Amino acid sequence: RLFEEVKREMNVKGKRCNVKKSSTNKRDDLIKELRAYVKCWEKKTGRNQDLSMERLKTESLADIKKHLKFYRDNNNL
């Protein structure tokens with residue numbers, strides 16, 4: 001439900017995060033890309049996405065890819 005609110009808010013404001021897609025599938029590169037999306041969304045929406053570096057270090061690679069997929073898929077609203 002929160003994601004729907006954030007997506008709606010991003011759509012209304014017409015804002016897009018300009019994040020360069022990682023050219024590799026290395027964990028550190030994916031985390032760097034994900035953090036760029038998170039920072040952008042937090043700044044534009046004023047909502048904490050709860051994806052700090054400390055949390056991301058404990059996430060599995062599959063979970064990191066799942067988070068990234070969400071941000072990539074919803075960036076062009």
Side-chain angles (χ1 to χ4, degrees):
R1 192 163 215 207
L2 177 61
F3 287 131
E4 292 302 319
E5 291 176 25
V6 172
K7 287 193 311 189
R8 193 175 327 113
E9 189 172 326
M10 291 289 283
N11 193 26
V12 169
K13 293 182 179 179
K15 297 179 179 179
R16 183 175 192 279
C17 296
N18 294 319
V19 176
K20 184 178 177 184
K21 186 173 180 179
S22 175
S23 59
T24 67
N25 249 359
K26 292 181 181 176
R27 180 184 180 84
D28 291 339
D29 293 339
L30 295 177
I31 288 175
K32 184 177 178 181
E33 179 185 350
L34 180 57
R35 284 297 301 152
Y37 275 118
V38 169
K39 285 181 182 180
C40 177
W41 276 54
E42 287 177 348
K43 181 178 179 182
K44 293 180 185 278
T45 65
R47 296 174 185 255
N48 184 334
Q49 298 300 95
D50 192 32
L51 290 173
S52 65
M53 282 301 287
E54 292 78 24
R55 178 177 170 195
L56 291 175
K57 288 178 184 177
T58 64
E59 297 270 333
S60 69
L61 186 56
D63 286 339
I64 291 169
K65 288 180 179 181
K66 186 173 82 174
H67 293 308
L68 254 179
K69 180 175 178 2
F70 170 81
Y71 284 101
R72 287 175 179 163
D73 290 349
N74 294 294
N75 191 34
N76 295 318
L77 296 175

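Basis for what follows: all heavy atoms, side chains included, without hydrogens, waters or symmetry-related copies. This is a predicted model, so every value here is computed, not measured.
Below 30°, between 30° and 60°, or above 60°: for Trp41 and Tyr71 the angle between ring planes is above 60°, a perpendicular geometry.
Contacts of Ser52 classified as side chain to side chain donor-acceptor pair (under 3.5 Å), with partners at least two apart in sequence or in another chain: Glu54. Residues meeting the side-chain contact (heavy atoms from CB on, under 4.5 Å) test with Asp28, sequence neighbours left out: none.
Leu30 CG to Lys65 NZ: the interatomic distance, rounded to the nearest 0.5 Å, is 6.5 Å. Atoms CD1 and CD1, on Ile31 and Ile64 in that order, are 4.0 Å from each other to the nearest 0.5 Å. Distance check, rounded to the nearest 0.5 Å: CG of Leu34 to NZ of Lys69 gives 14.0 Å.
Across all non-hydrogen atoms, the minimal contact from Leu51 to Leu56 is O-CD1, 3.7 Å. A pairwise comparison of heavy atoms in Lys57 and Arg27 identifies O-NH2, 3.1 Å as the closest pair. What you find for Asp50 and Arg55 is that their closest heavy atoms are O-NH1, 2.5 Å.
Applying the salt bridge (charged side-chain N to carboxylate O under 4.0 Å, His left out) test to pairs two or more places apart or on separate chains, those with a residue in residues 29-41 are Glu33-Arg72.
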